[in-house]
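Each ligand, and each atom within it, is numbered from 1 in the order the structure gives.
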Amino acid sequence: MKPALHAVEAVVPPPPYYAPAGHECALFEQAWKRRVPLLVKGPTGCGKTRFVAHMAAKLGLPLFTVSCHDDLTAADLTGRYLLKGGETVWVDGPLTRAVRQGGICYLDEVVEARKDVAVVLHPLADDRRVLPLERTGEELAAPPHFMLVVSYNPGYQSLLKTLKPSTRQRFAAIEFGFLPHDQEVAVVAAESGLSPERVAPLVTLATRLRKLKGHDLEEGVSTRLLVYCASLIAEGLPLRDAVLAAMIEPLTDDADVKAALIEVANAVIG
Ligand SMILES: Nc1ncnc2c1ncn2[C@@H]1O[C@H](COP(=O)(O)OP(=O)(O)O)[C@@H](O)[C@H]1O
Ligand SMILES: [Mg+2]
């Protein structure tokens, strides 16, 4: 007798924890359904990447993440011919894999990439939804469950590094900021395991330090740094050392600015 067939249930991990600030999850889902590409902008460490990872998992879509940098070219995204055992074979880049397979292609810090990247994104990010592969002569049509998501930080962009209107007007955009106090406390507590009572003064300090942005600081304390700080405290590092290591040193190399930040910290956390 043949053994009975058992249905094997795939164990799907829950989506990574994400605390919404507003209606961004619904907006993402609507954009996905209507095939509208999305631009997520906001300061570093405010939850952009976590949001995209959360939504990809929630919608059950594979996620292809590319962290863009100033050497990233269109060929890095689309693919190239490589020598393999004496033969040249075409190897898809992450964007091409995402278009062939369907899912979310997330280009993090897209303004960092080389200019030629815009050329491959344009026909993909408008109603054509195609990816021309010049080298292979193919023109791939994106399947319905393909979505392009890009993020960037408008805060520290120079004039040279900003998205051209022809690119940005191909995306619906959401602006991210830091969460309101109580919500940020909840997120940092959940991420670090430190109690909300002990996290609260750290968030108060972060809010004070964020107000200095633009004067002496290029960027304020991110939620990411708050999570680091709280995690170090939860691990036993004394409060002041953790604040110095995770909320002050990462912000500046300037001795005067650092002294000013320490003064603010002393006033807030005592
Ligand atoms: N809304 C949020 N929900 C859950 N975690 C968050 C949220 N915002 C920030 N975080 C925490 O901050 C960290 C940094 O967020 P991330 O998404 O990597 O920032 P970004 O991509 O904007 O630079 C995350 O790893 C997570 O611990
Ligand atoms: Mg990110």
Which atom names give the shortest non-hydrogen contact between [X] and [Y], and what distance separates them?
X	Y	result
Thr78	Trp90	O-CZ2, 3.6 Å
Pro123	Val120	CD-O, 3.7 Å
Gly45	Phe178	O-CE2, 4.1 Å
Cys25	Met55	O-CE, 3.4 Å

Tyr106-Phe64 aromatic ring centre distance below 6.0 Å: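 Tyr106 vs Phe64: aromatic centres not under 6.0 Å.
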
Beyond-backbone contact of Phe28 with Val149, side-chain heavy atoms, under 4.5 angstrom: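 Yes; the side chains approach each other to less than 4.5 Å.
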
Would you say the side chain of Leu251 lies within less than 4.5 Å of the side chain of Glu219, judging by non-hydrogen atoms?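 Sidechains of Leu251 and Glu219: no contact.
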
Any idea which atoms of ligand 1 are less than 4.0 Å away from a heavy-atom of [X]?
X	result
Lys48	17 (O), 19 (O), 20 (P), 21 (O), 22 (O), 23 (O)
Tyr18	1 (N), 2 (C), 3 (N), 4 (C)
Thr44	23 (O)
Tyr17	4 (C)

Under a plain distance cut-off of 3.5 Å, with no hydrogens placed, do Thr167 and His122 share a side-chain donor-acceptor pair?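 Result is yes, a qualifying pair exists.
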
Please say whether [X] places an N or O atom under 3.5 Å from an N or O atom belonging to ligand 1.
X	answer
Val187	no
Val227	no
Phe51	no
Ala19	yes

Protein heavy-atom partner closest to [atom] - residue, atom, separation in Å:
atom	value
atom 23 (O) of ligand 1	Gly45 N, 2.6 Å
atom 27 (O) of ligand 1	Glu191 OE1, 2.4 Å
atom 11 (C) of ligand 1	Thr223 CG2, 4.0 Å

Any N/O/S atom, backbone or side chain, of Ser151 lying under 2.8 Å from the Mg ion (ligand 2)?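 No, outside the cut-off.
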
Of the options Asp108, Thr44, Thr65, which is the one that meets Thr49 in a side chain to side chain donor-acceptor pair (under 3.5 Å)?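 Exactly one candidate clears the test, Asp108.
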
Counting heavy atoms only, name the option from Lys41, Arg224, Arg50, Glu109 that's nearest to atom 13 (C) of ligand 1.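 Comparing heavy atoms across Lys41, Arg224, Arg50, Glu109, the nearest one to atom 13 (C) of ligand 1 lies in Arg224.
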
Could you tell me whether Thr49 approaches ligand 1 through its side chain, its backbone, both or neither, with non-hydrogen atoms closer than 4.0 Å?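 Both the backbone and the side chain of Thr49 come within reach of ligand 1.
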
